[in-house]
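Residue numbering restarts at 1 for every chain, and letters A, B, ... go by the order of the sequence lines.
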Protein chains: 2
Amino acid sequence: MAKTGDPARAVTAPATGALDFALDRGSPVPLYYQLAQQLEAAIEHGVLAPGNLLGNEVDLSVRLGLSRPTVRQAIQSLVDKGLLVRRRGVGTQVVHSQVKRPLELSSLYDDLEAAGQGPGTRVVRNEGVPAAAEVAAALGVAEGAEVTVLERLRLTHGQPVAMLCNYLPAGLLELDDARLESTGLYRMMRASGITLHSARQTVGARIASPGEAERLGETEGAALLTMQRTAYDDTGRAVEYGTHVYRASRYAFDFQLLVRN
Amino acid sequence: MAKTGDPARAVTAPATGALDFALDRGSPVPLYYQLAQQLEAAIEHGVLAPGNLLGNEVDLSVRLGLSRPTVRQAIQSLVDKGLLVRRRGVGTQVVHSQVKRPLELSSLYDDLEAAGQGPGTRVVRNEGVPAAAEVAAALGVAEGAEVTVLERLRLTHGQPVAMLCNYLPAGLLELDDARLESTGLYRMMRASGITLHSARQTVGARIASPGEAERLGETEGAALLTMQRTAYDDTGRAVEYGTHVYRASRYAFDFQLLVRN
DNA sequence: AAGTGGTCTAGACCACGAC
DNA sequence: TCGTGGTCTAGACCACTTA
């Protein structure tokens with residue numbers, strides 16, 4: 001017992017023994033979700049260290065007074081998040097560190113805020129225009145139909161980082177300039193009851209034109225990181241098409257991927 | 001009945017009625033997986049069109065002779081893939097198009113092959129070297145410990161597209177030059193029994209140095225797309241650290257994201 | 001009020017991995 | 001051989017949406 005195979009990856013006895021999970025059956029929060037949250041917190045705080053075994057599902061369900069499927073559902077959600085790994089014949093263990101951020105629909109605003117960069121936004125343009133062919137195709141509306149065009153300059157520490165140009169179907173959302181300058185576009189969408197489902201992105205690079213260089217405070221010929229994106233809600237409707245350019249000297253996309261096996 | 005709410009998003013009666021699913025209980029393939037595959041194929045081939053309702057889970061399970069949890073498991077896997085959307089009180093429907101490719105651990109080789117670009121690889125360097133500080137930190141080995149360095153030039157139609165520089169723990173994998181030139185690195189890893197779990201990536205841009213420009217067939221000052229990546233297997237061990245530079249004039253990252261709600 | 005998915009139970013047997 | 005997760009069943013009640 002407590003055999004350690006590879007000393008570098010030693011695994012001690014099930015580490016959930018000492019943990020107390022508080023499940024509230026009166027709560028509207030599902031039991032599996034309560035358990036998942038508490039497990040995640042335990043991992044986050046290091047109570048469950050990387051490599052620790054979780055203890056087998058049957059014992060766990062008995063100890064918690066839950067059925068095994070419910071316990072499995074909780075565990076599965078953390079496996080999907082990349083925090084746990086299941087191995088047949090071995091058990092479920094905490095992943096060896098490294099996992100922190102899954103890739104979200106990269107919202108520059110959130111990225112910068114999370115990094116403590118104190119983001120700022122200047123709305124340069126916010127009006128209805130007829131859709132050009134490219135925009136119409138991306139949003140799935142008729143060419144010439146009215147769409148809202150939104151141009152924003154994103155700043156950190158008072159310095160420009162990116163120019164964001166977005167097109168949205170007319171009337172999808174109330175786009176108040178003041179609110180746009182104090183939060184991100186995606187947050188505003190979510191607050192309006194729009195549930196994002198998926199997005200298609202293209203990331204590339206190019207050289208700054210004189211006009212771009214001036215607006216971004218770069219020199220002509222500087223490297224720019226570009227992103228085009230079309231986002232869809234869960235009914236399949238395109239809710240946003242955007243073309244963004246970032247100063248490569250001040251910004252890079254940084255994200256984590258989980259591999260589907 | 002068969003009421004159509006929004007004519008643009010009309011939804012007909014459950015469309016699974018006419019479908020025949022062939023489930024083989026003798027097969028080692030799980031029942032939920034067989035069902036998921038057949039549903040996915042039906043969606044792929046347009047038998048189930050975007051917006052079609054799937055029919056309620058209880059009826060479906062009765063018709064298929066499966067329990068409801070099993071049917072749910074099949075449906076859930078397609079929801080996770082972004083092909084279906086569930087709505088309480090409404091039903092499960094096929095997502096309105098647009099979903100094709102989830103973002104994989106971008107393997108340039110696979111990307112190009114899928115695009116019919118006939119990729120080629122020239123191995124420029126493949127040897128053991130002591131790990132520099134940066135590499136040691138990324139791979140989690142001691143500074144100066146031996147690692148394998150791999151430099152490859154990726155081509156399409158005989159033209160260079162990218163320079164790939166990878167570091168791997170020594171002895172992790174047999175890196176045969178001939179095989180490296182005929183397939184991708186990740187395929188070789190998978191074939192060696194390494195199961196990738198996650199990766200951390202940084203994508204940026206910069207200007208080509210004279211040396212890079214020459215090797216890639218670009219002009220000095222051209223825009224380059226850069227990617228750094230560390231990949232981990234399911235034990236948390238770093239299995240690869242790479243620095244890649246792409247000719248922005250010939251390549252961009254193109255991918256689809258699913259939003260976690 | 002009726003219909004849908006969301007959650008939960010208390011079992012069962014099987015397949016794989018480690019020993 | 002034994003222990004683990006993987007799959008599957010046949011129900012139950014609840015919450016939400018729509019009408």
Side-chain angles (χ1 to χ4, degrees), chain A residues 1-6 9 11 13-14 16 23-37 52-80 84-93 193 195 234-235 261, chain B residues 1-6 9 11 13-14 16 23-37 52-80 84-93 193 195 234-235 261:
Chain A
M1 58 261 358
K3 281 286 290 291
T4 59
D6 174 354
R9 305 246 156 241
V11 155
T16 41
L23 299 173
D24 175 7
R25 294 189 104 92
S27 163
V29 179
L31 292 171
Y32 82 89
Y33 193 80
Q34 294 182 38
L35 176 55
Q37 280 186 315
N52 280 175
L53 281 172
L54 213 60
N56 78 59
E57 300 173 349
V58 181
D59 288 356
L60 209 57
S61 60
V62 171
R63 281 223 320 280
L64 297 174
L66 296 174
S67 69
R68 187 181 165 209
T70 301
V71 171
R72 272 184 70 79
Q73 192 174 2
I75 292 175
Q76 187 59 47
S77 70
L78 298 187
V79 170
D80 291 342
L84 296 177
V85 180
R86 290 199 221 248
R87 301 165 165 281
R88 254 207 284 230
V90 179
T92 302
Q93 44 186 321
T195 40
D234 58 4
T235 71
N261 284 311
Chain B
M1 50 243 20
K3 281 286 292 289
T4 58
D6 174 355
R9 305 246 158 240
V11 155
T16 42
L23 299 174
D24 175 7
R25 295 190 103 91
S27 163
V29 179
L31 291 171
Y32 81 88
Y33 193 81
Q34 294 182 39
L35 176 55
Q37 281 186 315
N52 280 174
L53 281 172
L54 214 60
N56 77 60
E57 300 173 349
V58 181
D59 288 355
L60 209 57
S61 61
V62 171
R63 280 223 318 279
L64 297 174
L66 296 174
S67 68
R68 187 181 165 207
T70 301
V71 172
R72 273 184 69 79
Q73 192 174 2
I75 291 175
Q76 187 59 48
S77 70
L78 298 186
V79 170
D80 291 341
L84 297 176
V85 180
R86 289 199 221 250
R87 300 165 165 281
R88 248 205 288 231
V90 179
T92 302
Q93 44 186 318
T195 38
D234 59 3
T235 71
N261 283 311

Starting at CD1 of A:Ile75 and ending at P of D:dG5, how long is that distance when rounded to a whole Å?
7 Å
Look at the side-chain N and O atoms of A:Arg72 and state whether any lies under 4.0 Å from the OP1 or OP2 oxygen of D:dG5.
no
OP1 or OP2 of C:dC8 under 4.0 Å from side-chain N/O of A:Tyr32
no
B:Leu53 CG to D:dT17 P: how many Å, rounded?
16 Å
To the nearest angstrom, the CG-C1' distance between B:Leu23 and D:dT7 comes to 14 Å
Anything under 3.5 Å between a donor and an acceptor, one on a side chain of residues 30-37 of chain B, the other on a protein residue two or more places apart or in another chain? List them.
from: B:Gln34; atom 1: OE1; to: B:Asp24; atom 2: N; distance (Å): 2.8
from: B:Gln34; atom 1: NE2; to: B:Asp24; atom 2: O; distance (Å): 2.9
from: B:Gln34; atom 1: NE2; to: B:Val29; atom 2: O; distance (Å): 2.9

Who passes side-chain hydrogen bond (donor to acceptor under 3.5 Å, both in side chains) against B:Thr70, sequence neighbours left out?
B:Ser67
Nearest heavy-atom neighbours spanning A:Asn56 and A:Val58:
OD1-N, 3.0 Å
What's the verdict on side-chain contact (heavy atoms from CB on, under 4.5 Å) for A:Leu53 and A:Arg87, showing C-alpha distance, side-chain angles and the deciding distance?
CA-CA 10 Å; A:Leu53 281 172; A:Arg87 301 165 165 281; over 6 Å; no
A:Thr92 side chain near D:dT4 phosphate (N/O to OP1/OP2, under 4.0 Å)
no
Roughly, in whole Å, what's the span from CG in A:Leu31 to P in C:dA10?
12 Å
Could you give the CG-to-C1' distance, from A:Leu64 to C:dT9, as a whole number of Å?
15 Å
Interatomic distance, B:Gln73 CD vs D:dC8 C1' [rounded to whole Å]:
9 Å
Using atom CG of A:Leu54 as one end and atom P of D:dG5 as the other, report the distance to the nearest whole Å.
8 Å
Assign a letter to each nucleotide of nucleotides 11-17 of chain C from its 5' end: B, base within under 4.0 Å of a protein heavy atom; S, sugar-phosphate only; -, no contact.
-B--BSS
Qualifying residues under salt bridge (charged side-chain N to carboxylate O under 4.0 Å, His left out), relative to B:Arg88, sequence neighbours excluded:
none
For D:dC14, take OP1 and OP2 only and decide whether either is under 4.0 Å from a side-chain N or O of A:Arg25.
no
Sequence neighbours excluded, every pair satisfying salt bridge (charged side-chain N to carboxylate O under 4.0 Å, His left out) that has a member inside residues 27-37 of chain B:
none
Taken to the nearest whole Å, CG/B:Asn56 to P/C:dG3 is 10 Å
Name all residues meeting the side-chain contact (heavy atoms from CB on, under 4.5 Å) criterion together with B:Arg72; count only those two or more places apart in sequence or in a different chain, and write none if there are none.
B:Glu57, B:Arg68, B:Arg86
Would one find a side-chain N or O of B:Arg86 under 4.0 angstrom from OP1 or OP2 of D:dT17?
no
Whichever of B:Asp59 and A:Thr70 has the more 5' nearest nucleotide on DNA chain C, that residue is B:Asp59
